[in-house]
Amino acid sequence: MSKLSGLVRSETLAHQGYKAIRRAIRDGKIPRGQFFSESTLAESLGVSRTPVREALLNLYRDGVVEIVPKRGYRLIDLDEAAISEIRLLRVALEQIVVNRLCETATEENIRDLREILNGEEAHQEDMYTIDENFHIKMAEMAQLHQIRRELLSVRGKMYLIASGARLTALRDETVADEHNALVDALERHDCKAARRIITAHVESSIDSFVAAKVDLIDQNRLDRLS
């Protein structure tokens, strides 16, 4: 049992490391184009190398980092074709979730989703975190566990698109409105409206990430010239 307890703890630490590294990528704390090692990440996270290694392997499977022999890890560079594919995949996955949830959502499900959007599940968090909690929770409620995993993978790639950039406050407000409209449609079991809302929401979000990436590149260019 002691070995089993240690295994569970290791998996928990790996999951924590996975979330922390994705957040660091999202916030631009891991520079693009630069190699990094398990040791440097483990030190910055304050944990041992083993869970960090497991987390990085998961991110490698997600297509978020690449492993270069004798050099270490590096963030994947997404081109326009990859971003276009991410858009198609995320829309398809979210539509499957919404279709299922539209048919099965209970009053308790709707209440739980509204609590996430209102920040009642924890302290009020940034839009990125609330958005991820909301979408992943929908997949869990729909009991689509493989799709939940794929959504985490796709969202990790989205963080790569505009790593270090911040979306505008206006987009924050728009995302909140879109989330609430989606929950309203799910509560009414209006599947057609729910599919329309989720499609527009995902496409607008990816457009915002791409625009933020362009703004970040332009700003970096100006900083180098000044």
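Annotation: the span from Met141 atom CE to Glu108 atom CD amounts to 7.5 Å, rounded to 0.5 Å. Atom CD of residue Glu107 and atom CD of residue Glu187 lie 8.0 Å apart, to the nearest 0.5 angstrom. To the nearest 0.5 Å, atoms CD1 (Ile198) and CD (Gln95) are separated by 8.5 Å. Once rounded to the nearest 0.5 Å, the distance linking CG of Leu182 with CZ of Arg196 reads 10.5 Å. Separating the OG atom in Ser37 from the CZ atom in Arg53 is a distance of 11.0 Å, to the nearest 0.5 Å. Taking CG from Leu160 and NZ from Lys157, the interatomic distance works out to 8.5 Å, rounded to the nearest 0.5 Å.
The shortest side-chain heavy-atom distance between Leu151 and Val97 falls under the 4.5 Å cut-off. Under the 4.5 Å side-chain criterion, counting only non-hydrogen atoms from C-beta, Leu57 is in contact with Ile67. Residues Lys29 and Arg23 fail the side-chain proximity criterion, which asks for heavy atoms closer than 4.5 Å. No side-chain heavy atom of Leu101 sits less than 4.5 Å from a side-chain heavy atom of Leu144. Within the 4.5 Å cutoff, no side-chain heavy atoms of Val210 are placed close to those of Glu80. With contacts defined as side-chain heavy-atom distances shorter than 4.5 Å, the pair Arg149/Asp62 qualifies. Contact of the Thr129 side chain with the Arg26 side chain is registered, since non-hydrogen atoms from C-beta on lie closer than 4.5 Å. Contact of the Leu117 side chain with the Asn180 side chain is registered, since non-hydrogen atoms from C-beta on lie closer than 4.5 Å.
Glu38 and Tyr73 share a side-chain donor-acceptor pair at under 3.5 Å. For the residue pair Asn109 and Thr106, a side-chain donor N or O sits within less than 3.5 Å of a side-chain acceptor on the partner.
Under a cut-off of 6.0 angstrom, the local environment of CG in Asp79 is crowded, with over 12 non-hydrogen atoms contributed by other residues, nucleotides or ligands. Residue Glu66 places its CD atom among more than 12 non-hydrogen atoms of other residues, nucleotides or ligands, all under 6.0 Å distant. In the displayed structure, Gln143 atom CD is contacted under 6.0 Å by at most 12 heavy atoms of other residues, nucleotides or ligands.
Under the 30°/60° scheme for interplanar angles, the aromatic rings of Tyr159 and Tyr128 are found to stand perpendicular.
Pairs engaging residues 173-196 under the ring pair (Phe, Tyr, Trp, His ring centres under 6.0 Å) rule: Phe134-His179, His135-His179, His179-His201 [sequence neighbours left out]. Listed by first and then second residue, the disulfide bond (SG atoms under 2.5 Å apart) pairs involving residues 25-118 are Cys102-Cys191 (not counting sequence neighbours).
Residues Ile197 and Ala181 come closest through the heavy atom pair CD1-O, 3.6 Å. Of all heavy-atom pairs spanning Gly156 and Arg22, the tightest one is N-NH2, 3.6 Å. Tyr18 and Ala55 make their closest contact through N-CB, 3.4 Å (heavy atoms, listed as atom of the first residue, atom of the second, distance). Closest of all the heavy-atom pairs between Leu186 and Ala194 is CD2-CB, 4.2 Å. Closest of all the heavy-atom pairs between Ala142 and Arg100 is O-NH1, 2.9 Å.
Using a distance-only test at 3.5 Å, with no hydrogens or angles considered, no donor-acceptor pair links the side chain of Lys137 to the main chain of Leu113. Here the side chain of Ser163 pairs a donor or acceptor atom with the backbone of Ile25 at under 3.5 angstrom. Remark: the backbone N or O of Ala193 is not paired with any side-chain donor or acceptor of Arg188 at under 3.5 angstrom. Put simply, the side chain of Thr199 gets close to the backbone of Arg195: a donor and an acceptor are under 3.5 Å apart.
Both Tyr60 and Ile21 are members of a single hydrophobic cluster when ILVMFWY side chains are connected at heavy-atom separations under 4.5 Å.
Using a cut-off of 4.0 Å between Lys/Arg side-chain N and Asp/Glu carboxylate O, Lys19 and Glu132 are scored as not salt-bridged.
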